[in-house]
Amino acid sequence: MVVLQTIIVAFSMYSALPMPQIEWTRENMRWSLLAFPLVGAVIGGVCCLWVYLCGLLGLPLLARGAGLAVLPILLTGGIHMDGYADVADAQASHAEPEKKREILKDPHLGAFAAIRIGVYLIVSLAVWTSLPDFRGWAIVCLFLLSRTLSALSLACFPLAEGSGLARSFAEAADRTRLRHALIVLTVFLSAGLILTGGAVMLLPAALVFWRCYRMATVDFSGLSGDLCGWFLQASELWMALTLCLFEYLERLL
C-alpha cells in the first residue's frame, strides 16, 4: 500500500495525470523521488505511441514534431517549464543570489522568460521534426534519465533555504539511501542508452547536470524546485538535439 501511495504522490506532484486523492505523509513521501522517473516512463511511452500513430495515419513530420514538443509539457502540466522560465528571469537579472531567489518566487512572467520559452519550443519543434531515426527505447530512457538526475540533484546538492516542496521531498527521504538508489538507477539507464543507440546523449546530460550544480552553488546559494525544473527541461532538449545531430553525422559518414 505504501509503495502505491508513493507512486501516487510522485505522479500527483510531477504530472497532470488524474490521480486518487490521498493524504501526503512523511512515509509515502520518503521514496517519492525514486518514483519520479516513472513519470518519465509514461511520457516516453505516450511519445512512442504518438510516433506510431503518426506513421499509421501518414501524418507529416511536422505533426510528429509538434506532438513530441508539446506532449511532455501537457502531461506534466508545465511544472518543469515554469521552473525553466523562472530561472531564465533570475539569471537575466545578474543580481546577487538572494535577489535571484526572490525572482524565482515572483509569479509574474518576465520578458526574458517569455523569450527563452519561445526559443525552447522552436528548437524543440525543429529537433523532433528533423530527427532522422526515432529510437523509441532510447527516447524512453531520455525521459527516465532526466528525471532520475533531477531527483539525484535533490539528494546530492545543497538545498536553498525555503525552497518549498522540493525541500520537503528531499528532507522526507533518507538522502544517503536515496542517493545510492538513484546512482544505481542512473548506471542502469546509462547502460540502457548505450544498448539502444542513445549513448551520445550521456555527455549533454552530464554537462547540464554539472551546470545545474554550478548554478545551485554559485548563482542561487542552494538548489530549489525551479532549478530542478530548469535542469529537466534543459537536459531533455540538449539530449534530443545531440541525438539529432549525431544521426545526421552518421548519415554523412
**Q** For the residue pair Leu149 and Ser235, establish whether any side-chain heavy-atom pair is separated by less than 4.5 Å.
**A**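 Of all side-chain heavy-atom pairs linking Ser235 with Leu149, none is under 4.5 Å.
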**Q** Go through the steps for Phe134 and Leu68 under the test side chain to side chain contact (heavy atoms under 4.5 Å, CB included), then give the verdict.
**A** CA-CA 11 Å; Phe134 184 84; Leu68 294 174; 3.9 Å; yes
**Q** Just verifying a value: how many Å separate Lys100 NZ and Asp86 CG, rounded to the nearest 0.5 Å?
**A**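 Here the rounded value is 14.0 Å.
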**Q** Check whether any side-chain N or O of Arg64 sits under 3.5 Å from a backbone N or O of Val51 as a donor-acceptor pair, and report yes or no.
**A**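 No: the side chain of Arg64 does not pair with the backbone of Val51.
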**Q** Side-chain contact test, heavy atoms from C-beta onward, threshold under 4.5 Å: evaluate it for Ile194 versus Leu202 and give yes or no.
**A**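 Sidechains of Leu202 and Ile194: in contact.
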**Q** What verdict does the side chain to side chain contact (heavy atoms under 4.5 Å, CB included) test give for Ser224 and Arg101, after you've listed the backbone C-alpha separation in whole Å, the side-chain angles of each residue and the deciding distance to 0.1 Å?
**A** CA-CA 9 Å; Ser224 65; Arg101 290 198 301 272; over 6 Å; no
**Q** Supply the atom-to-atom distance Tyr52 OH to Leu57 CG, rounded to the nearest 0.5 angstrom.
**A**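 With rounding to 0.5 Å, OH (Tyr52) is 9.5 Å from CG (Leu57).
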**Q** Are Leu193 and Leu195 connected, step by step, through hydrophobic side chains (Ile, Leu, Val, Met, Phe, Trp, Tyr) whose heavy atoms are closer than 4.5 Å?
**A**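 Result: no, two separate clusters.
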**Q** Compare all side-chain heavy atoms of Phe112 with those of Ser93 and state whether any distance is below 4.5 angstrom.
**A**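 A side-chain contact under 4.5 Å is absent here.
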**Q** With hydrophobic residues grouped by side-chain heavy-atom distances under 4.5 Å, do Leu17 and Phe36 end up in a single group?
**A**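 Yes: a chain of side-chain contacts under 4.5 Å links Leu17 to Phe36.
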**Q** Output yes when a side-chain donor or acceptor of Ser150 lies under 3.5 Å from a complementary backbone atom of Ser146, and no otherwise.
**A**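 Not a single qualifying donor-acceptor pair exists.
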**Q** Grab the two heavy atoms, one from Ala181 and one from Leu34, that are nearest each other, plus how far apart they are.
**A**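 For Ala181 versus Leu34, the nearest heavy atoms are CB-CD1, 4.0 Å.
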**Q** I'd like to know if Val9 and Leu4 are part of one continuous hydrophobic network [Ile/Leu/Val/Met/Phe/Trp/Tyr, side-chain heavy atoms within less than 4.5 Å].
**A**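 Yes; Val9 is reachable from Leu4 via cluster members.
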**Q** Would you call the rings of Tyr213 and Phe157 parallel, tilted or perpendicular, where under 30° means parallel and over 60° means perpendicular?
**A**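 Ring orientation, 0 to 90° scale: perpendicular.
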**Q** Locate the shortest heavy-atom distance separating Ile8 from Pro20; write the atom from each residue and the value.
**A**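 For Ile8 versus Pro20, the nearest heavy atoms are CG2-O, 3.6 Å.
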**Q** Any side-chain heavy atom of Asp226 within less than 4.5 Å of one from Phe220?
**A**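 Counting from C-beta outward, Asp226 and Phe220 never come under 4.5 Å.
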**Q** Indicate yes or no: at least one non-hydrogen side-chain atom of Leu243 is less than 4.5 angstrom from one of Ile139.
**A**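 SC-SC contact between Leu243 and Ile139 confirmed.
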**Q** Can you see which heavy atom on Cys228 is nearest to which on Leu154, and at what distance?
**A**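 Distance-wise, the nearest heavy atoms are SG-CG, 3.6 Å.
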**Q** Same cluster for Val119 and Phe231 if Ile/Leu/Val/Met/Phe/Trp/Tyr side chains link at under 4.5 Å?
**A**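 Yes, it is one cluster - the side chains of Val119 and Phe231 are joined through contacts under 4.5 Å.
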**Q** Please answer: with hydrophobic residues joined when any side-chain heavy atoms are less than 4.5 Å apart, are Leu144 and Phe188 in the same cluster?
**A**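 In one cluster with Leu144: Phe188, no.
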**Q** Does Arg116 have more than 12 heavy atoms from other residues, nucleotides or ligands lying within 6.0 Å of its CZ?
**A**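 It does not: Arg116 CZ has 12 such atoms or fewer within range.
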**Q** To the nearest 0.5 Å, what is the distance between CG (Leu185) and OG (Ser190)?
**A**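 Leu185 CG to Ser190 OG: 9.0 Å, rounded to 0.5 Å.
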**Q** Hey, are the side chains of Leu131 and Cys244 touching, using non-hydrogen atoms and a 4.5 Å cut-off?
**A**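 A side-chain contact exists here, since the closest heavy-atom pair is under 4.5 Å.
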**Q** With no hydrogens and no angle check, is any side-chain donor or acceptor of Arg147 less than 3.5 Å from a backbone partner on Leu38?
**A**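 Judged by distance alone, no pair lies under 3.5 Å.
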**Q** Give me the atom names and distance for the closest heavy-atom approach of Ala155 to Leu178.
**A**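 Looking at all heavy atoms of both residues, the shortest contact is CB-CD2, 4.1 Å.
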**Q** Kindly give the heavy-atom pair with the smallest separation between Ala240 and Leu142, and that separation in Å.
**A**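 Shortest heavy-atom separation between Ala240 and Leu142 comes out as N-CD1, 4.0 Å.
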**Q** Would you indicate whether the side-chain heavy atoms of Cys212 and Leu223 approach each other to under 4.5 Å?
**A**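 Yes, side chains in contact.
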**Q** Rounded to the nearest 0.5 Å, how far does SG of Cys54 lie from CG of Leu49?
**A**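 The distance works out to 9.5 Å.
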**Q** What's the spacing between Leu152 CG and Phe209 CZ if we round to 0.5 Å?
**A**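 Output value for this atom pair is 4.5 Å.
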**Q** Any side-chain heavy atom of His80 sitting closer than 4.5 Å to one from Tyr14?
**A**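 Side-chain contact under 4.5 Å: yes.
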**Q** Which heavy atom of Val140 sits nearest a heavy atom of Gly45, and at what distance?
**A**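 Where Val140 meets Gly45 most closely, the heavy atoms are CG2-N, 4.2 Å.
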**Q** Using the rule side-chain contact (heavy atoms from CB on, under 4.5 Å), only one of Val46, Ile43, Val39 pairs with Pro72; which is it?
**A**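 Between Pro72 and the candidates, side-chain contact (heavy atoms from CB on, under 4.5 Å) is satisfied uniquely by Ile43.
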**Q** Mark yes or no for whether Thr76, through its side chain, and Ile73, through its backbone, hold a donor-acceptor pair below 3.5 Å.
**A**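 Side chain of Thr76 to backbone of Ile73: a pair is present.
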**Q** Quick check: does any side chain N or O of Thr129 sit under 3.5 Å from a backbone N or O of Ala126, one acting as donor and the other as acceptor?
**A**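 Checked: no pair found.
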**Q** In Å and rounded to the nearest 0.5 Å, what is the CG to CG distance from Leu53 to Leu59?
**A**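 Between Leu53 CG and Leu59 CG, I get 8.5 Å after rounding to 0.5 Å.
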**Q** Would Glu250 and Asp133 count as a side chain to side chain contact (heavy atoms under 4.5 Å, CB included) here? Give the steps.
**A** CA-CA 11 Å; Glu250 274 187 325; Asp133 180 20; over 6 Å; no
**Q** Would you please test Trp230 and Leu104 for side chain to side chain contact (heavy atoms under 4.5 Å, CB included) and show each step?
**A** CA-CA 11 Å; Trp230 175 90; Leu104 292 181; over 6 Å; no
**Q** Does atom CD (Glu96) have a neighbourhood of more than 12 heavy atoms from anything else shown, all under 6.0 Å?
**A**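 12 or below, so no.
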**Q** Treating Tyr120 as the side-chain partner and Met81 as the backbone partner, does any N or O pair qualify as donor plus acceptor under 3.5 Å?
**A**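 No; zero donor-acceptor contacts below 3.5 Å.
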